Visitor: 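I'd like to ask some things about the structure below.
Model, not experiment: these values are computed from the prediction.
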Amino acid sequence: MSPPPSADAPVHVAEVEGGWRLPGIPNLHSHAFQRAMAGMAERQSHPRDSFWTWRETMYRVAARFDPDTLHAVACQLYVEMLEAGYTSVCEFHYLHHAPDGRPYDDPAAMSQALVAAARETGIRLTLLPVLYMTGGVDGRPLAERQKRFGHDVDGYLRLLGTLQAAQDDTLRVGCALHSLRAVPPDAMRAVLAALPADARVHIHIAEQVGEVQDCLAIRDRRPVEWLLQNAEVDRRWTLVHATHLNDWELAGIAQRGATVAICPTTEANLGDGLFRLRDHLDAGGAWGIGSDSHISVSPVEELRWLEYGQRLLTRRRNIVVSPGSPSVGENLLRGVQASTADATGFEAGGDALVLDAGSPVLAGATAADVVDRWIFSGNRSAIREVEVAGRTLVSEGRHASRDVVRSRYRDAVAVLLRDL
Ligand code: NGQ
Ligand code: ZN
């Protein structure tokens with residue numbers, strides 16, 4: 001692996017005819033199917049609603065998908081991502097089998113639906129098939145609704161092998177461990193030992209206080225502490241959420257060079273807590289953003305709320321700054337660029353978006369303030385064009401397939417939500 005780009009490198013902002021050209025933004029964490037339930041878990045279902053009651057709603061929707069509906073929903077989502085300025089996506093994919101847990105005739109059918117959606121819409125895809133084996137850190141068996149997520153180690157490695165053979169310029173295949181709740185230690189070791197040396201590894205970790213407590217009770221270690229002591233975590237690793245960290249864990253993540261995928265809107269929506277961003281930056285830690293459950297599909301909103309969370313917490317302003325670099329917007333974009341290659345397997349800077357200089361939020365902008373203006377003002381997208389791997393996919397703010405994709409999505413959602 002090449003050395004990581006410095007988080008102090010300049011952000012490449014170029015003035016072009018009628019606009020401002022910036023590097024594309026990687027989306028480090030997505031569960032595509034959850035796009036179909038965005039906004040549908042916002043009614044009380046229990047006197048003390050939580051992440052865990054939300055998960056029950058999510059499982060009900062997850063049980064409805066087949067390869068066709070997953071493809072239709074993923075196409076809609078990827079069009080929305082591209083129009084919003086995300087040029088690559090890490091898909092943390094665990095809806096592998098039929099709802100009763102039996103593999104499809106083609107065991108990779110659900111993965112292939114995501115690959116097809118990425119190819120059709122043009123977004124770069126880092127596909128992360130998820131290993132999911134148990135229903136809790138105590139090793140209990142999968143619950144009925146989790147059966148379609150499950151694999152044994154051999155079946156999982158076969159799936160990975162099939163998908164790796166299809167890798168090309170816009171498709172990378174890595175490995176995801178769902179969480180310490182879902183992957184027993186021996187299985188984790190077996191899978192990690194079988195991966196190609198450059199494979200990226202993503203894992204959900206320490207998102208909820210409850211899982212920190214369970215891990216302490218059963219493994220006598222906090223989740224990140226356990227992981228750092230039991231796996232060779234390094235720059236190939238992306239830790240998703242990592243919300244609840246003590247000082248030792250925080251320092252360890254930065255020192256190993258792992259990226260933290262922070263998903264500010266989902267973490268807020270699910271009541272997770274706030275990532276210790278300022279401490280992580282001070283430790284030299286790498287980070288990026290993900291839209292995760294897709295209640296928002298906008299890098300602007302993720303980055304804005306990443307900064308705002310810290311402002312609310314500290315009652316200060318302009319938190320993500322660095323010596324000699326006072327622009328919060330530029331520091332945010334620089335952070336995201338610096339982790340791109342390590343987290344996604346794609347080089348940073350290959351893709352671009354062009355902001356419309358005629359957009360009211362950018363009136364009078366200069367190279368020095370255009371990024372701040374883009375991220376911190378208004379709600380209407382200022383994106384005019386998006387290019388991935390040399391192809392212009394979005395022009396005048398619209399993806400070329402927006403209409404077809406949208407009508408297929410409506411039909412798919414009607415099927416998915418029928419009598420839910
Ligand atoms: C997921 N999502 O896998 O979709 C999880 C919820 C779980 C987030 N953690 C399920 N945001 O963690 O068990
Ligand atoms: Zn997730």
Side-chain angles (χ1 to χ4, degrees), residues 29-46 49-78 89 91-117 127-136 139-152 155-156 159 163 176-179 181-183 204 207-208 210-211 240 263 266 269-270 291-295 297 408-420:
H29 194 65
S30 163
H31 306 286
F33 76 92
Q34 292 176 17
R35 173 63 187 84
M37 62 168 285
M40 290 183 49
E42 311 304 321
R43 300 169 67 91
Q44 192 180 49
S45 68
H46 184 274
D49 265 326
S50 67
F51 175 92
W52 307 104
T53 60
W54 166 83
R55 195 171 78 154
E56 290 307 310
T57 308
M58 186 271 275
Y59 282 172
R60 267 200 300 283
V61 178
R64 296 290 180 106
F65 278 86
D66 65 14
D68 289 340
T69 46
L70 182 61
H71 173 257
V73 170
C75 283
Q76 172 65 23
L77 175 67
Y78 296 164
V89 58
E91 190 58 51
F92 200 103
H93 165 58
Y94 57 88
L95 292 191
H96 299 298
H97 311 304
D100 63 2
R102 264 183 294 195
Y104 287 102
D105 291 344
D106 171 4
M110 294 292 262
S111 295
Q112 299 294 7
L114 294 168
V115 172
L127 181 61
L128 304 164
V130 172
L131 179 64
Y132 201 118
M133 298 177 72
T134 55
R140 77 187 81 146
L142 299 178
E144 208 48 42
R145 286 204 162 106
Q146 298 169 324
K147 292 244 161 83
R148 68 181 313 186
F149 316 157
H151 274 109
D152 57 22
Y156 176 76
L159 173 68
L163 296 169
L177 308 172
H178 183 274
S179 53
R181 289 177 269 126
V183 179
H204 286 134
E207 178 181 12
Q208 284 279 317
E211 54 185 335
V240 182
C263 308
T266 296
N269 186 278
L270 298 181
S291 64
D292 192 349
S293 66
H294 315 303
I295 36 112
V297 183
R408 276 194 328 224
Y409 175 72
R410 285 215 187 87
D411 294 345
V413 169
V415 173
L416 289 166
L417 302 186
R418 191 175 295 149
D419 307 318
L420 188 70

Visitor: Of all residues at least two apart in sequence or in a different chain, which pass the side-chain hydrogen bond (donor to acceptor under 3.5 Å, both in side chains) check with Arg35?
Guide: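 Arg35: side-chain hydrogen bond (donor to acceptor under 3.5 Å, both in side chains) contacts with Glu80, Tyr409.
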Visitor: According to side-chain hydrogen bond (donor to acceptor under 3.5 Å, both in side chains), who are the partners of Thr134, at least two apart in sequence or on a separate chain?
Guide: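 Result, side-chain hydrogen bond (donor to acceptor under 3.5 Å, both in side chains) vs Thr134: none returned.
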Visitor: Does the plane of the ring in Tyr132 sit parallel, tilted or perpendicular to the ring in His178? Use 30° and 60° as the thresholds.
Guide: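 Geometry flag for His178 against Tyr132: tilted rings.
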Visitor: Working to the nearest 0.5 Å, report the span between CG of Leu95 and CZ of Arg64.
Guide: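 Rounded to the nearest 0.5 Å, the CG-CZ separation comes to 13.5 Å.
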Visitor: Identify, with sequence neighbours excluded, every residue that meets side chain to side chain contact (heavy atoms under 4.5 Å, CB included) alongside Leu159.
Guide: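 Leu159: side chain to side chain contact (heavy atoms under 4.5 Å, CB included) contacts with His96, Ala108, Ser111, Pro129, His151, Leu163.
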Visitor: Please report the closest heavy-atom contact between Met133 and Asp152, naming both atoms and the distance.
Guide: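 That closest heavy-atom pairing would be CE-CA, 4.2 Å.
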Visitor: Is it true that a side-chain atom of Ser293 and a backbone atom of Thr266 form a donor plus acceptor pair closer than 3.5 Å?
Guide: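 Looks like no, no N/O pair under 3.5 Å.
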Visitor: For Glu42, give me all partners under side chain to side chain contact (heavy atoms under 4.5 Å, CB included), at least two apart in sequence or on another chain.
Guide: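 In terms of side chain to side chain contact (heavy atoms under 4.5 Å, CB included), with neighbours along the sequence ignored, Glu42 is linked to Asn269.
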Visitor: What pair of heavy atoms forms the shortest contact from Val73 to Ala32, and how long is it?
Guide: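 Distance-wise, the nearest heavy atoms are CG1-O, 3.6 Å.
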Visitor: Show the nearest heavy-atom pair for residues Gln44 and Asp49, with the distance to one decimal.
Guide: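 Gln44 and Asp49 have their closest heavy atoms at CA-OD2, 3.1 Å.
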Visitor: Test of understanding: with ring-ring contact (aromatic ring centres under 6.0 Å, His included), list the residues that count as partners of Phe65, not counting sequence neighbours.
Guide: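 By the ring-ring contact (aromatic ring centres under 6.0 Å, His included) rule, Phe65 matches Phe33.
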Visitor: Given 3.5 Å as the limit, does a donor-acceptor pair link the side chain of His294 with the main chain of Ser30, or not?
Guide: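 No, His294 side chain to Ser30 backbone: no donor-acceptor pair under 3.5 Å.
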Visitor: Taking all atoms of both residues into account, what is the closest heavy-atom pair of Thr57 and Ala41, and its distance?
Guide: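 Taking Thr57 first and Ala41 second, the nearest heavy atoms are CG2-CB, 4.3 Å.
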Visitor: With sequence neighbours left out, what residues match Tyr59 under ring-ring contact (aromatic ring centres under 6.0 Å, His included)?
Guide: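 Partners of Tyr59 by the ring-ring contact (aromatic ring centres under 6.0 Å, His included) criterion, ordered by chain and then number, come out as Phe149.
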Visitor: Could you label the plane-to-plane angle of the Trp54 and Phe51 rings as parallel, tilted or perpendicular, counting under 30° as parallel and over 60° as perpendicular?
Guide: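 Aromatic pair Trp54/Phe51 classed tilted.
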Visitor: Could you grab the distance from atom NE2 of His31 to atom CG of Asp292, nearest 0.5 Å is fine?
Guide: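 These two atoms lie 4.5 Å from each other.
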Visitor: Using the side chain to side chain contact (heavy atoms under 4.5 Å, CB included) criterion, which residues pair with Ser179? Sequence neighbours excluded.
Guide: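 If we apply the side chain to side chain contact (heavy atoms under 4.5 Å, CB included) test to Ser179, skipping adjacent residues, the hits are Arg181, Ala182, His204.
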Visitor: For Ser50, enumerate each residue passing the side chain to side chain contact (heavy atoms under 4.5 Å, CB included) test, keeping only those at least two apart in sequence or located in another chain.
Guide: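 If we apply the side chain to side chain contact (heavy atoms under 4.5 Å, CB included) test to Ser50, skipping adjacent residues, the hits are Trp52, Thr53.
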Visitor: Could you report the tightest heavy-atom contact between His71 and Ala117, atom names first, then the distance?
Guide: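 Closest approach of His71 to Ala117: CD2-N, 3.7 Å.
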Visitor: Sort and list the pairs that fulfil salt bridge (Lys or Arg N to Asp or Glu O under 4.0 Å) and have at least one residue in residues 102-115, not counting sequence neighbours.
Guide: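 Every salt bridge (Lys or Arg N to Asp or Glu O under 4.0 Å) pair that includes a residue of residues 102-115, provided the two are not neighbours, is Asp100-Arg102.
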Visitor: Apply salt bridge (Lys or Arg N to Asp or Glu O under 4.0 Å) to Arg145 and list each qualifying residue two or more places apart in sequence or on a separate chain.
Guide: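 By the salt bridge (Lys or Arg N to Asp or Glu O under 4.0 Å) rule, Arg145 matches Glu56.
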Visitor: With rounding to the nearest 0.5 Å, note down the distance linking CE in Met58 to CG in Leu270.
Guide: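 The distance works out to 9.0 Å.
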Visitor: Please tabulate, one pair per line, all N/O donor-acceptor pairs under 3.5 Å involving side-chain atoms of residues 410-420, not counting sequence neighbours.
Guide:
none

Visitor: Which heavy-atom pair separates Phe92 from Val240 by the least distance, and what is that distance?
Guide: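 Taking Phe92 first and Val240 second, the nearest heavy atoms are CE1-CG2, 4.4 Å.
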